[in-house]
Amino acid sequence: MFPEFNYYKPSTINEAFELMATLSDARFIAGGTDLLLKLRKQQVLVKNILSLKDISELREISESDQGLSIGAMATLADLEFHPSVRANYAVLHDGIVNLGSMQIRNMATIGGNLCSGLPSADTAAPLLSLDAKLEITGPEEDYSLPLSDFFVKPGKNVLKRNEILKRIIIPAQSACSTGAYVKLGRRKAMEIAIVGAAVSFVTDGLTDHCVQARVALTSSAPVPMRCPEAERYLIERRLTEEAILEAGKIAAVEAQPRTSFRTSSEYRKNIIPVVVKRAGLMALERLKLCKSQAVRGWNR
Amino acid sequence: MNYKMIGKELTRLDSVTKVTGEAKFCADLLMHGTGYIKVFHSIKPHANIKNIDVSEAENCPGVMAVITGQDFPFIGGETLADMPFLAIDRVRYIGEPVAAVAAASLEQAEQAVRLIKVVYEDLPVVFDMDAALATDTPILHEDVETYRALPVVHPVSGTNICNKTQKQYGDIDKGFAEADYVFENSYSTPAVQHAQIEPYAAMALVNGEGHIRIWSPNSGPHRLRKNLSDALAIPLHMIQVTSTYVGGSFGGKSFLDLEPIAVLLALRLRNVPVKLVYTREEVFSCTAVRHPTTIKIKTGVKKNGQICARSLQIYYDTGAYATFGPSVMLQGADCSPGPYKVPNMYVEGFAVYTNKLPSGAFRGYGCTQVAWAYENQMDEIAEALHIDPVELRLVNALGGGDVDAFGNIVHGVGLKECIVKAAEEIGWEKASSNVQRSGTKIYAKGLACSWERTKTPSASTAYIVLNFDGTVNVTVSAIDLGQGIVTSLAQVVSESLGVNIKNIRFSTSDTLYSPFDTSSTASRTTFHLGNALIIAAEDIKLQLKKLALPLLKAGSEDELSIGDGYVGIINSERMLSFQEIVFESYPAGGAIFGRGFYYPNVGGGLYAGPSIYYMYQAQAVEIAVDTETGHIEIEKIAAAHDAGKAINPMICQQQIEGGVAQGVGTVLFEEVLWNDGEVLNPNLHDYKIPTAKDIDYDIVPMVVEQLDPNGPYGAKGMAEPVLIPTGPAIGNALSRAIGRRIRHMSLKPEIVFDEIQLGLKRSSETP
Amino acid sequence: MQYNISVTVNGTKHHLKVAGNTTLLNVLRECLGLTGTKEGCGSGDCGACTVILDGKAVKSCLYLAVDTDGKEVLTVEGLSRNGELDPLQIAFVEEGAVQCGYCTPGMLMSAKALLDRADGAGLGEEDVRHAIVGNLCRCTGYKRIVKAVLRVAQHREA
């Protein structure tokens with residue numbers, strides 16, 4: 001059972017700030033699938049909970065030339081069934097569809113997944129690979145920062161007590177970009193990643209020459225991480241299986257996975273190259289598919 | 001034989017109540033004024049209790065009672081009485097119940113239990129069997145030899161051995177002397193959890209007279225009553241166990257777990273119903289697991305693969321208390337030769353205490369662990385002798401009329417048929433061509449067979465009442481744990497009595513009303529209760545004929561035929577329905593009452609002699625090993641199981657499908673992990689049972705019917721052993737795939753990955 | 001603190017007073033006596049507590065009752081109407097998808113949410129498995145459950 005707490009449901013962001021200012025021992029809650037568990041296990045004790053569920057502007061998803069804007073309170077299911085996420089941000093879709101179960105995705109939010117700040121956060125690596133930015137609002141100031149600057153340590157992010165993650169902004173992707181996220185668990189579902197890898201490429205559009213690469217990992221360091229060395233290796237190279245595997249090996253060197261009862265650091269290090277390779281190949285496969293469709297469209 | 005009901009695929013009689021949500025499981029029972037129980041568990045693996053302070057807890061709002069082991073110094077156990085209901089003066093594992101609170105709400109009980117203060121004095125610990133068996137090691141139960149025990153239980157004084165057995169047949173030394181080759185290997189198995197989706201629960205109520213009522217999902221209500229009666233010194237008739245629906249047991253819901261704690265609080269409170277439901281974390285940290293084992297096996301074979309001698313030392317880690325450990329080990333020892341002709345046999349078995357939560361009954365009952373050993377070794381022998389593994393098994397397999405490894409003649413043995421069918425279905429070719437590489441994957445096939453005993457001797461009783469209107473009420477203590485037993489038994493009654501199944505209604509189990517039955521475990525119920533029901537049906541038929549004699553004006557009973565709800569005169573049109581016979585015999589109202597009691601005529605006491613029947617099975621599997629990550633993917637499993645006679649083939653198939661899934665889970669994903677005696681993964685997130693995406697391969701259930709001479713319509717049990725051959729079949733396939741054998745029954749990706757790497761290293765070193 | 005909520009469960013509107021820490025599961029089982037919805041873990045791992053909330057399958061053990069204000073809940077008890085079983089319930093019975101029955105209510109609700117979302121159109125085996133991964137079953141091996149759901153999907157499509 002959960003310990004007792006008071007529950008508030010502000011309907012605007014300002015109302016949320018006001019409540020937070022008046023209540024001591026208070027926390028914001030999003031979908032609750034993570035925080036409620038911690039309350040149940042008494043890992044977190046808090047007297048006042050401020051739910052962001054009723055603030056409708058926090059749940060908006062919109063697409064423009066600038067890219068995709070996702071309200072932090074959008075549920076994972078909102079995104080799973082969003083046509084544009086599936087079509088244009090497949091790497092993020094990969095991260096979402098195998099996160100927990102359908103029921104959890106109906107409840108959990110993308111903002112919550114990021115704010116919980118677990119090293120295994122399945123939306124984090126894809127978003128890192130997409131160069132996502134976060135819009136944060138607080139009573140004093142609004143600001144934005146790259147997702148890569150958001151995580152501090154396991155379970156800890158840069159947000160101050162009274163700040164709210166408002167939106168996640170994914171820049172528009174060029175026509176020649178592609179990406180994929182592969183997560184390896186012991187089972188095929190309901191898993192915390194042993195290792196997860198998100199790979200996003202921009203190619204020159206004609207051959208498989210890499211113009212820009214992003215490699216991000218989950219469960220490979222205290223927080224979800226980018227692998228700059230692996231990315232650098234790929235730039236200006238032809239994206240062959242060998243090249244991607246080599247980038248995976250570099251990523252494994254960059255990673256600092258930990259040993260827990262779930263698995264060993266060595267095993268995680270050993271399979272990082274494989275997971276990166278698989279994500280990379282899946283991304284390339286998508287690019288081919290996309291090109292072949294484009295060619296068919298041209299012919300028509 | 002032409003049967004009307006036997007062999008028919010009826011849908012289950014209880015499934016409608018389960019799809020509407022009306023089926024009441026124990027936690028669903030709501031009674032006014034209920035006291036909610038929370039248990040205080042030990043945080044120490046081994047310690048003396050210096051002091052328990054419950055005063056703060058007692059003063060909490062809503063608290064009705066707080067009890068400790070001091071208040072109720074009762075010791076329970078079935079095979080060996082060593083376990084206090086609540087710890088007395090000492091704790092022996094992390095999670096052991098120490099005290100319990102009943103309060104007006106669950107929240108209040110939780111708050112109160114947090115205020116209980118226990119002062120411990122640490123004792124030295126033993127966490128594994130090596131440590132427990134060392135000399136000068138801490139002893140968990142100094143007085144083990146003085147505990148009340150079954151005759152087959154032989155604790156070793158001054159050690160951590162709570163049962164030791166030795167069994168032999170033939171001349172083991174001569175057997176090994178005659179062998180052309182001798183193989184010696186050591187295998188081990190980890191602890192796994194039943195992970196039934198329903199957590200453990202119990203309710204109890206004691207009235208002013210001291211009549212004890214218990215509501216429980218226990219698989220053996222009469223056994224529970226007996227064990228409580230022994231422990232509390234309260235006569236049987238004063239204890240009433242009412243069975244609820246059971247959300248899966250797999251051996252788990254068999255012991256004195258929650259019921260005694262609820263009973264103690266009910267005894268204290270009187271006339272207040274109390275309810276205890278364990279959280280998932282509690283289920284994982286203080287209810288039984290499957291015994292971790294270490295098994296040393298030595299087998300002597302002739303050049304042609306014939307086994308001439310086999311000896312084993314088997315060690316079962318039973319945790320801090322025996323629970324079923326002594327008998328699990330005995331059954332393991334009895335099945336340790338495998339389902340083979342072994343002319344010279346020797347086995348030594350040990351059940352060993354350690355400071356971990358108790359190991360207990362788990363589907364397979366000790367036989368899964370020994371089968372992991374003997375079936376892996378069979379493949380090791382086959383490889384060394386260049387004999388096809390299927391052939392090697394067929395050469396040694398028991399057949400009807402053969403003598404088993406302990407000198408018993410076995411009957412109704414469908415083993416060879418199971419092996420052949422499983423091999424055929426998987427597309428078995430000669431072993432060498434059962435491996436294929438495709439990119440980074442290796443595909444390979446493996447096969448294993450096994451056998452299991454049932455609980456012998458054991459009793460079942462049945463009452464059948466033929467009502468005034470020709471309908472039938474059956475009163476039995478069968479527990480439907482999800483295995484579909486009531487449906488199968490209704491088919492037996494319908495067939496044997498000749499009454500439409502729509503007119504038959506089964507009771508649920510309540511020890512106040514429904515008659516003695518040992519337990520719904522060990523795949524014993526179809527056979528034992530089926531036999532009892534046939535006896536009861538015959539009893540009714542005999543009475544019907546007697547009553548019909550004057551009504552039909554027949555000369556003697558030999559002139560009468562009975563069937564399809566009628567008694568008639570042979571070669572005549574004259575007949576009366578059952579209804580007419582009851583009505584005309586007892587016009588003012590009455591019924592005909594049939595009794596059936598079945599107790600197989602097997603010498604010795606419980607677990608002392610051979611099994612009344614043995615269950616045989618074989619499974620063949622095709623796997624794909626991901627050489628880059630060590631993941632094993634199952635492609636297909638062909639599972640052939642000898643059911644004697646399948647009373648309801650669909651139910652047999654369901655049991656095979658579910659059992660295989662459980663078998664795969666326990667080998668590929670699951671394992672209870674400890675750190676210094678504390679369970680590290682006490683939840684269904686980190687204890688990983690298969691999801692719907694993990695069992696997306698083809699499981700082909702095949703039911704072999706080799707009629708058992710003593711079974712009802714030739715039927716025997718089949719559900720319990722389903723998962724026994726699954727592990728070694730996968731292990732054998734894996735070994736064929738990667739060229740290395742993993743002898744610990746945990747084929748998790750990281751372990752397989754390491755073996756693959758080691759194999760690559762070796763092969764690069766040898767030119 | 002107590003909160004007033006108004007929630008419709010299986011078509012009946014209830015006005016209830018709940019504490020902040022009360023879950024939807026508590027409300028269903030303890031306040032309304034709807035014990036068809038089960039608790040298997042209390043941590044969102046097993047899915048036995050699955051109900052449909054405004055058309056979506058959720059785990060009621062991790063859903064706060066106070067958040068159900070103004071919402072509609074469907075539980076296993078609401079599947080059959082006037083004693084007539086829902087086609088999904090019939091399929092579960094006839095395909096042998098039920099063994100111990102403890103996961104069944106939650107499993108049915110996940111399946112029902114899937115069928116209602118897509119109206120059965122174009123659903124394949126993968127979709128069904130994807131929808132029920134959060135409903136653990138220890139008895140059946142899932143095969144017959146998947147078959148039962150697909151049978152209803154195909155029927156709806158036709």
Side-chain angles (χ1 to χ4, degrees), chain B residues 9 11-12 14-25 27-30 107 194-199 245-250 277 279-281 283 480-484 650-651 653-662 664-665 683-686 689-696 698-699, chain C residues 19 21 29-30 33-48 75-80 85-86 88-108 125-126 128-146:
Chain B
E9 300 203 326
T11 57
R12 293 177 180 220
D14 57 355
S15 27
V16 170
T17 64
K18 291 174 176 174
V19 297
T20 56
E22 67 191 81
K24 292 285 181 211
F25 295 82
D28 300 338
L29 302 179
L30 302 170
E107 254 174 314
H194 309 83
Q196 319 92 335
I197 307 302
E198 180 203 27
Y245 277 84
V246 187
S249 172
F250 314 113
V277 183
T279 63
R280 182 57 63 181
E281 289 75 11
V283 171
D480 209 311
L481 313 154
Q483 82 282 45
M650 181 174 84
I651 289 180
Q653 287 159 16
Q654 290 172 314
Q655 288 308 303
I656 295 172
E657 291 158 8
V660 164
Q662 197 176 24
V664 170
N683 56 63
L684 288 169
H685 195 82
D686 288 318
I689 71 171
T691 72
K693 280 193 186 175
D694 295 299
I695 313 178
D696 55 352
D698 208 5
I699 299 173
Chain C
N21 63 353
R29 289 178 58 83
E30 270 127 60
L34 295 170
T35 58
T37 306
K38 308 299 180 197
E39 176 161 358
C41 65
S43 54
D45 296 317
C46 78
T75 74
V76 69
E77 288 93 344
L79 279 181
S80 53
L85 295 184
D86 184 273
L88 190 60
Q89 292 172 307
I90 296 172
F92 266 56
V93 171
E94 291 183 356
E95 296 293 341
V98 181
Q99 289 193 28
C100 85
Y102 201 81
C103 76
T104 306
M107 196 69 85
L108 283 163
E125 187 178 327
E126 297 238 332
V128 176
R129 291 184 185 276
H130 187 66
I132 63 167
V133 287
N135 295 83
L136 297 177
C137 169
R138 190 59 151 171
C139 297
T140 65
Y142 304 102
K143 179 172 159 183
R144 289 167 196 268
I145 294 170
V146 173

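So that the names make sense, note that chain A is the first sequence line, chain B the second, and so on, each numbered from 1.
If you tally non-hydrogen atom pairs under 4.5 Å between each of C:Gly141, C:Gly40, C:Gly36, C:Cys100 and chain B, the highest count goes to C:Cys100. When each of B:His194, B:Glu9, B:Glu281 is scored by its heavy-atom pairs under 4.5 Å with chain C, the top score falls to B:His194. Of the listed residues (C:Glu125, C:Lys143, C:Glu77), the one with the most heavy-atom contacts under 4.5 Å to chain B is C:Lys143. Chosen from C:Gly96, C:Gly78, C:Ser80, C:Ser43, the residue pairing most often with chain B at heavy-atom distances under 4.5 Å is C:Gly96. Of all the listed residues (B:Gly484, B:Gly247, B:Ala661), the one sharing the greatest number of non-hydrogen pairs under 4.5 Å with chain C is B:Gly247. Note on B:Ile695, B:Val660, B:Ile197: by heavy-atom pairs under 4.5 Å with chain C, the leading option is B:Ile197.
B:Ser15 has its side chain within reach of C:Val93: a pair of non-hydrogen atoms, C-beta onward, lies under 4.5 Å apart. Counting heavy atoms from C-beta outward, C:Ile132 and C:Val146 have side chains that approach closer than 4.5 Å. Between B:Pro199 and C:Tyr102 the shortest side-chain heavy-atom distance falls below 4.5 Å. Annotation: side chain of B:Thr20 is not in contact with side chain of C:Val76 (no heavy-atom distance under 4.5 Å).
With a 4.5 angstrom heavy-atom cutoff, C:Thr140 touches chain B only via backbone atoms. The part of C:Tyr142 that comes within reach of chain B is its side chain, from C-beta onward, which places non-hydrogen atoms under 4.5 angstrom from that chain. Within the 4.5 angstrom heavy-atom criterion, atoms from both the backbone and the side chain of B:Ala692 approach chain C. With a threshold of 4.5 angstrom between heavy atoms, B:Thr279 does not approach chain C through any atom at all. Only the side chain of C:Asn21 comes within less than 4.5 Å of a heavy atom in chain B; its backbone stays farther off. Within the 4.5 angstrom heavy-atom criterion, only side-chain atoms of B:Leu30, from C-beta onward, approach chain C. With a 4.5 Å cut-off on non-hydrogen atoms, B:Gln483 does not touch chain C at all. The contact between B:Ala23 and chain C is made entirely by backbone atoms, counting heavy-atom distances below 4.5 Å. Contact of B:Tyr245 with chain C is not made at all, since no heavy-atom distance falls under 4.5 Å. Only the side chain of C:Leu85 comes within contact range of chain B, judged by heavy atoms closer than 4.5 Å. In this structure, the portions of B:Asp696 lying under 4.5 Å from any heavy atom of chain C include both its backbone and its side chain. The parts of B:Glu198 that come within reach of chain C are both its backbone and its side chain, each placing non-hydrogen atoms under 4.5 angstrom from that chain. Contact of C:Leu108 with chain B is made through the side chain alone, with heavy-atom distances under 4.5 Å. B:Val246 touches chain C through its backbone: at least one of N, CA, C or O sits under 4.5 Å from a heavy atom, while the side chain does not.
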Item to check | C:Lys38 vs B:Asp28, side-chain contact (heavy atoms from CB on, under 4.5 Å): CA-CA, chis, key distance, verdict | outcome: CA-CA 8 Å; C:Lys38 308 299 180 197; B:Asp28 300 338; 2.4 Å; yes
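Separation of atoms CD (C:Gln99) and NZ (B:Lys18) is listed at 8.5 Å; rounding is to 0.5 Å. Distance check: B:Thr691 OG1 to C:Asp45 CG gives 12.5 Å after rounding to the nearest 0.5 Å.
The number of heavy-atom neighbours closer than 6.0 Å to CD of C:Glu126, taken from other residues, nucleotides and ligands shown, is 12 or below.
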